[in-house]
Amino acid sequence: MVFKHDVVIVGAGLAGLRAALEVTGKGDVALISKVYPTRSHSGAAQGGIAAALGNEEPDSWEWHMYDTVKGGDYLTDQNVAEILARDAPRAVYELEHMGVPFNRMNNGKIAQRAFGGHTRNFGEAAVKRACYAADRSGRVIMDTLYFEAVRKGIRIYPEFQMLDLVFRDGQAAGLIAYETATGELHFFHCRMILLATGGYGKVFKTSSNAFASTGDGVYLPYRAGLPLEDMEFVQFHPTGIHRLGVLISEAARGEGGILRNSQGERFMERHAPTIKDLAPRDMVSRAIAMEIREGRGIGGQDYVHLDLTHLGEKKLEERLSDISSFVRIYLGVDPAREPVPIAPTCHYMMGGIPTSTEGEVLDLQGERVPGLYAAGECSCLSLHGANRLGCNSLLDLVVFGRRAGQKMAGELARLPWQEAPERPGEETARRIARLKEKGTGEKTGVLRAELQEAMTLHCSVFRTEESLQKALACIGELQERYPRVRVDHKGDRFNTDLLEALELECLLGLAEAMVHSALARRESRGAHSREDHMERDDDRFLRHTLVCRRGGRVRVDHKPVTVTRFQPRARTY
Amino acid sequence: MEMQFRIFRHDPQVEAKPHYRSYNVKADPRDRILDCLNRIRWEQDGTLSYRMSCGHGVCGSDGMRINGVCGLACQQLVKDYEGQEVLLEPLPFFPVVKDLVVEMEGFLKRIGEQRPHLMARGDPPEKERLQDPRDRRKVDDVIRCILCACCTGACPVMTRNGDYVGPAALVWAYRYICDSRDSRYRERLKNIDFANGVWSCENFFDCTRACPKKIPVTRCINTLKREAEKLGPR
């Protein structure tokens, strides 16, 4: 079928929903989502949303901006961080007005708590800046925006998966989507597309990400020849449940939780003497990896302890009830009595589709791609630089989702329709038919597991030229094997076997972009830690990486970082 | 350990009746039932369909019937099913799309009928509306809802009466009736104060037992009944 809407938003997490609310009423907007809307991964965000409200103690947007820049190891574009920090209080009040059930202080104001890397007076001490609803902040914000979208009658296509972007004369003309329930291919004819498809943590073996986080929306523009930015920067969250990778919010440390090694030592005192366990995530993850490497993992194994026993049952129940239940369910551990085994888990992608502060997708020359927009984790503003601070992602989604929505609404009067192709989806249908026709071949799961294993081994918290070359070789070999992937499920209904085979192409392509970017950055900055180039090198590498595929080859380029208020300095906490 | 599964299979497009298929999988005692499903699909039978996303009980995708009890496949561990065959079926009385995947539209529509969005009085202030933490605590339990439909699938009344709005819709009604910032208390209560509304609940407590987020669903429904009674005769 052909569906026609002015604006099609791909992804119904927070960025997509917030943008849609901005367009509706001004133009015809539709949301498509590969999962049911309320299943989007924004809902897994636990700890909160940052804003210098100053409810609990004095705070200022400038301190927030500084923390964001320093947290990003000065790769953050400072004009973007300024927009974020200045707009944050408005964004949080707006969510409250929509009905988000934030926790409250005794005086009735929104309660706030400490979070990693958020400080007062430019790094003096931790500050309470995170607004939260227990430890399910993302979920309640997403539910609120979702039902707001329903109330406003925004058309939602649940379980429609984008498989191709369609361009005409360099402008976005629409997209091809696969309806999971029926197996039909549809063409969405539109004037503007907003990609809001989230991250791609499933490139790694251990991840806090959902199974749906395969980066389809990041890969498709890359396949179409557009660049991706800062793809080497992958956030490993320090506290994933050992073995599973399920997230234990930084709020656990914000509320007073302490990391300990096999000797019971609070080892973060050595790594970040001022803010200790509340150092930014890249530093804490590295510290944990070093403790484990030096034999101080618990029982010599590959995890350390997160000690919450001193917080008391009441606090755990009131403010950290979801994570307490995860620990009980998956580890059989009562966090009020025993420490929790944790290890770093792939959590967030700083890199993605380069965009302007209005969500416009930018090409290699920095020119806008007409009709194509991106927001949220799939985009790279670059706001989070080399390492994102906790609670800045939910904020990013609502601040920049709104801005993208406003921009698109403004373009409605100007941007013409592009003609639909004659037989849209023909190539996609052929690709699907080829996959289904094959009687023999390899299973998707086998190749995916090999990719995840290789990326985890060679491209995670620590990297070297040698490890990255190994990763690259492995990705190349898997890409050669990919055309031989076979799909068992030949039917039309809910064919996840087929969809996962298609997603594997995305994961492989993104891994390729990540490793090439990581190889090119011969320094250590934020989450990108090169053991063969241990120091940050501002002279050569205070610049963004751009990676793109041109004529079958991967090419790495650069663009400058915007520095306004804060000159790069040594990053200590 | 070796686990045995018997799984409900049905593709309404190609077969009139459902059937069951058995699978054996190797599993670690700490594995989730969802891990076993994935292993079956990835290694043995790609034709099996089910929903999943976050894998840790937050997104609400993988609600199903596990040995007759509604729950999330990602929240059940293999070790708790040692030595028994595990029977996996779709949520009862939800129309089956394929295998363990069910139609969710009707379920969400009933929640939507509760108008689950804040309707406050007057224009919002410049900053946040103030709310007493004691008032805020009244919704602590219900904001855990992840729309997984396990409560509704587990409800014995639903089996008999498909017109009952169901426990999840009532949880969402409660969410806004008990929100001190909302101004439509009376109107919202009236909206559930009818035979197929709050009064269909017969206190079986199956919803409460099934809820993977431990929401005291039945208790909330009983609170709503008391509040509705205070409104006077219908």
Side-chain angles (χ1 to χ4, degrees), chain A residues 35-36 38-41 43-44 53 89 92-93 96-99 101-111 133-134 136 139-140 143-144 147-148 150-151 158 181 210-212 243-244 246-247 318 321-322 325-326 329-331 443-446 487-497, chain B residues 11-14 30 32 38 41-43 45-61 75 77 97-99 101 104-105 108 111-112 115-118 120 124-133 135-137 139-140 143-147 175-176 179 181-182 213-214:
Chain A
V35 292
Y36 245 89
T38 60
R39 315 307 187 203
S40 299
H41 202 55
L53 304 183
V92 168
Y93 294 141
E96 194 282 325
H97 296 159
M98 278 188 200
F102 287 112
N103 279 40
R104 300 293 175 145
M105 300 166 61
N106 281 335
N107 64 9
K109 291 184 177 179
I110 293 171
R136 59 191 78 90
R139 179 77 211 199
V140 297
D143 287 341
T144 304
F147 284 119
E148 193 65 19
V150 171
R151 180 168 81 98
F211 287 98
R243 206 179 72 96
L244 268 180
V246 168
L247 181 67
E318 256 180 41
S321 71
D322 266 10
S325 91
F326 300 152
I329 291 170
Y330 298 115
L331 297 168
K443 299 269 287 180
T444 303
V446 175
V487 167
D488 287 345
H489 190 343
K490 313 290 183 194
D492 294 327
R493 287 202 167 196
F494 229 90
N495 192 339
T496 39
D497 198 23
Chain B
D11 184 347
Q13 199 181 22
V14 296
R30 298 168 297 173
R32 301 162 281 199
N38 284 339
R41 189 162 59 84
W42 292 339
E43 294 164 14
D45 184 356
T47 68
L48 177 64
S49 301
Y50 50 90
R51 287 193 180 102
M52 59 161 178
S53 194
C54 78
H56 63 285
V58 172
C59 77
S61 296
Q75 263 196 6
L77 298 193
V97 177
K98 185 176 177 295
D99 303 339
V101 177
M104 297 292 287
E105 289 301 315
L108 286 174
I111 291 169
R115 299 205 277 166
H117 47 265
L118 188 69
E126 194 191 327
K127 295 187 172 180
E128 71 266 60
R129 286 188 201 85
L130 299 183
Q131 186 181 35
D132 192 301
D135 285 332
R136 164 58 183 73
R137 241 169 260 140
V139 299
D140 248 357
I143 60 170
R144 287 202 295 267
C145 178
I146 56 171
L147 299 165
R175 153 80 184 84
Y176 285 96
D179 192 320
R181 299 169 297 173
D182 195 81
K213 305 307 284 186
K214 298 207 177 337

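Just so it is clear: chains get the letters A, B, ... in the order the sequence lines come, proteins before strands, and each one is counted from 1. Bear in mind that the values here come from a model prediction, so they are computed numbers and not experimental data.
- Contact annotation for A:Phe326: only side-chain heavy atoms (C-beta onward) come within less than 4.5 Å of a heavy atom of chain B.
- Proximity to chain A (any heavy atom under 4.5 Å) is restricted, for B:Lys213, to the side chain, taken from C-beta onward.
- Heavy-atom distances place the side chain of B:Arg181, and not its backbone, under 4.5 Å from chain A.
- Proximity to chain B (any heavy atom under 4.5 Å) is shown, for A:Ala133, by both the backbone and the side chain.
- When heavy atoms are compared at a cutoff of 4.5 Å, B:Asn38 approaches chain A solely by way of its side chain, counted from C-beta outward.
- Contacts between A:Phe211 and chain B at a heavy-atom distance below 4.5 Å involve backbone atoms as well as side-chain atoms.
- With a threshold of 4.5 angstrom between heavy atoms, B:Arg144 approaches chain A through its backbone and through its side chain.
- Note on A:Val150, A:Asp322, A:Thr144, A:Thr444: by heavy-atom pairs under 4.5 Å with chain B, the leading option is A:Asp322.
- Only the side chain of B:Arg136 comes within less than 4.5 Å of a heavy atom of chain A; its backbone N, CA, C and O stay farther away.
- Proximity to chain A (any heavy atom under 4.5 Å) is restricted, for B:Lys98, to the side chain, taken from C-beta onward.
- A:Leu331 does not touch chain B: none of its heavy atoms, backbone or side chain, sits under 4.5 Å away.
- For a residue to count as touching a neighbouring chain, one of its non-hydrogen atoms must lie under 4.5 Å from one of that chain's; by this rule A:Lys443 touches chain B with the side chain only.
- Looking at B:Ile146, both its backbone and its side chain come within 4.5 Å of chain A, counting heavy atoms on both sides.
- The greatest number of non-hydrogen atom pairs below 4.5 Å with chain A, out of B:Val14, B:Asp140, B:Asp99, B:Ile143, is found for B:Ile143.
- In this structure, A:Asp497 contributes its side chain and A:Asp488 its backbone to a donor-acceptor pair below 3.5 Å.
- If you measure heavy-atom distances from B:Val101 to chain A, the contacts under 4.5 Å come from the side chain alone.
- Proximity to chain B (any heavy atom under 4.5 Å) is shown, for A:Tyr330, by both the backbone and the side chain.
- Residue contact with chain A, scored on non-hydrogen atoms closer than 4.5 Å, involves the backbone and the side chain of B:Glu105 alike.
- With a 4.5 Å cut-off on non-hydrogen atoms, A:Pro89 does not touch chain B at all.
- When heavy atoms are compared at a cutoff of 4.5 Å, B:Leu77 approaches chain A solely by way of its side chain, counted from C-beta outward.
- Interface residue A:Arg493: backbone and side-chain heavy atoms are both found under 4.5 Å from chain B.
- For A:Asn107, the part lying under 4.5 angstrom from a heavy atom of chain B is the backbone only.
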